2 protein chains.
Amino acid sequence: MASRTIENYLKQIYLSRPADETQWLTMGKLSAAVGVTPGTATSMVRAISDAHLVEYEPRAGVRLTPAGEQLALHVLRRHRLIELLLVQVLGLDWSEVHEEAEELEHVVSDRLLARIDEILQHPAFDPHGDPIPTAGGVVRSQDCCTLLDCPLGSPTNIARILDQSADFLQYVNQCGLLPGADIRVASRNHQAQTVELLVIKRGENHVVAISFAVAEKFLVQMYDRKK
Amino acid sequence: MASRTIENYLKQIYLSRPADETQWLTMGKLSAAVGVTPGTATSMVRAISDAHLVEYEPRAGVRLTPAGEQLALHVLRRHRLIELLLVQVLGLDWSEVHEEAEELEHVVSDRLLARIDEILQHPAFDPHGDPIPTAGGVVRSQDCCTLLDCPLGSPTNIARILDQSADFLQYVNQCGLLPGADIRVASRNHQAQTVELLVIKRGENHVVAISFAVAEKFLVQMYDRKK
DNA sequence: TAATTAACTTTGCTTGCTCAAAATCAATTG
DNA sequence: CAATTGATTTTGAGCAAGCAAAGTTAATTA
Ligand SMILES: [Mn+2]
Ligand SMILES: [Mn+2]
Ligand SMILES: [Mn+2]
Ligand SMILES: [Mn+2]
């Protein structure tokens, strides 16, 4: 059995892997992601590589093997199912559940996880809109664009929030920018680096302005694509 | 913060403490309870004693300080509330939840525990009939007798099962000897060391025979006392 | 090409927890 | 009272994970 430390490393290697599949994840990025000094990451990765869960190339970086990826996806599945349970059944606020799941993901048994999955009726997405891998380790990916590159004016639907920090999520909640919300991008100002949004909240139209950096944290689905 | 190892030791010290309050818990008993060699228990207890959570007297044994007892009771509260949640909300079988709670008890946050307590409506007993300490660390004790010393013939109500092992609990379930069940002790045979019980199950009367050793694992409440 | 710099690895050390085996203590037995 | 025995403690060692600081490497700059 993989220790909780190894589970955390594998999950971070998966989440932080570069978009380009041919690239390796550097040790600097990994050590920052798991919150450990670079030396520690190097020696842990060596150990995990001895267990054939990652490939490690000194000075190049690290990459999951198929076995390692399966394990990472199982941890991710646990994490996200737990988050959804905490919100939907236990009634925690969605800004709190990430921290909580970070611990619980290492201790729920397969049996308990199966029950959670059943109770939630085999959900596909967690409270932040992140896809929940299947028990077989398959990720169903949505095709989305961010609030930075989606077309102006057309109605869209918020699919996913990429920042899990509690403060940010509370702000998001306040503005009504939750997953599922219907919004439109009114305008973008490249000088001010801001995006103006039209949010429909309880029938009323609200205008919300966010920076380019924040706009990139929202993934939206176009309505015409949905058909 | 106490590590999960220390939490486990404190809980076991509490659960295994001798009935006579003036007695100390011996290292032999403790090491067996936490599943560790005697030498390991000795050195851990030394460490825990440096943290003023227990008193330790070489060759005499170990005893919780008030601070240690509070901590032990908090762990126990988490354990038992989690067990009840797993049975009542997640629908796990009561024979499975002890193992599960053994891990979960170390990672649920105070906030989550408060939600669980609310959802279950501040329960006083877990699925095995064990009392759930209050958030303030108070144990409400029931006064009970075992199936070995309760009077013959009078109607009683099963209050608590003292053996948490999965196999045994499944057997208990089968016989209908769950907490809450109405039963009577028909007879005791001191030669055969057996107790015969009358169990009322779906209107019908069943007879179940168990040994003295097993009888001691059931705590029952007398009906006349209930008033 | 040589020097600088940033990223990475190595080394040495610490902490928490564990075991096996040897040593010690205290209670009982002869 | 001496010897035996069972429980307990001590000792020596190992493993997993971590940090700090020193040493390497490779890319960039001059
Ligand atoms: Mn985690
Ligand atoms: Mn999430
Ligand atoms: Mn435990
Ligand atoms: Mn219980």
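In this text the structure is predicted, and so the values were computed from the model without any measurement. Below, read A as the first sequence line, B as the second, and so on, with proteins coming before strands; counting in each chain starts at 1.
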What is the distance, rounded to the nearest whole Å, between atom [atom1] of [X] and atom [atom2] of [N]?
| X | N | atom1 | atom2 | value |
| --- | --- | --- | --- | --- |
| A:Q12 | D:dA17 | CD | P | 16 Å |
| B:I48 | C:dT15 | CD1 | P | 18 Å |
| B:N8 | C:dC17 | CG | C1' | 13 Å |
| A:L30 | D:dA17 | CG | P | 14 Å |
| B:K29 | D:dA7 | NZ | P | 10 Å |
| B:M27 | D:dG6 | CE | P | 21 Å |

OP1 or OP2 of D:dG18 sitting under 4.0 Å from any side-chain N/O of A:Y9? yes

If you only use heavy atoms from C-beta on, which nucleotide in [options] is closest to the side chain of [X]?
| X | options | value |
| --- | --- | --- |
| B:S43 | C:dC8, D:dC19, C:dT18 | C:dT18 |
| B:T37 | C:dA20, D:dT9, C:dT9 | C:dA20 |
| A:R59 | D:dT9, C:dA7, D:dG18 | C:dA7 |
| A:T42 | D:dG18, C:dC17, C:dT10 | C:dT10 |
| B:T5 | C:dC17, C:dC8, C:dT9 | C:dC17 |

Is B:R115 salt-bridged to A:E100, going by a charged N under 4.0 Å from an acidic O? no

What does B:G39 touch in the nucleic acid at a heavy-atom separation under 4.0 angstrom: a base, only the sugar-phosphate, or nothing? base

Would you indicate what A:R46 reaches in the nucleic acid, counting non-hydrogen atoms under 4.0 angstrom: base, sugar-phosphate, or nothing? sugar-phosphate

Could you tell me whether the side chain of B:I161 reaches within less than 4.5 Å of the side chain of B:F218, counting heavy atoms only? yes

Check side chain to side chain contact (heavy atoms under 4.5 Å, CB included) between B:Q12 and all other residues, then give those that pass, not counting sequence neighbours. B:L15, B:S16, B:L30, B:A33, B:V34

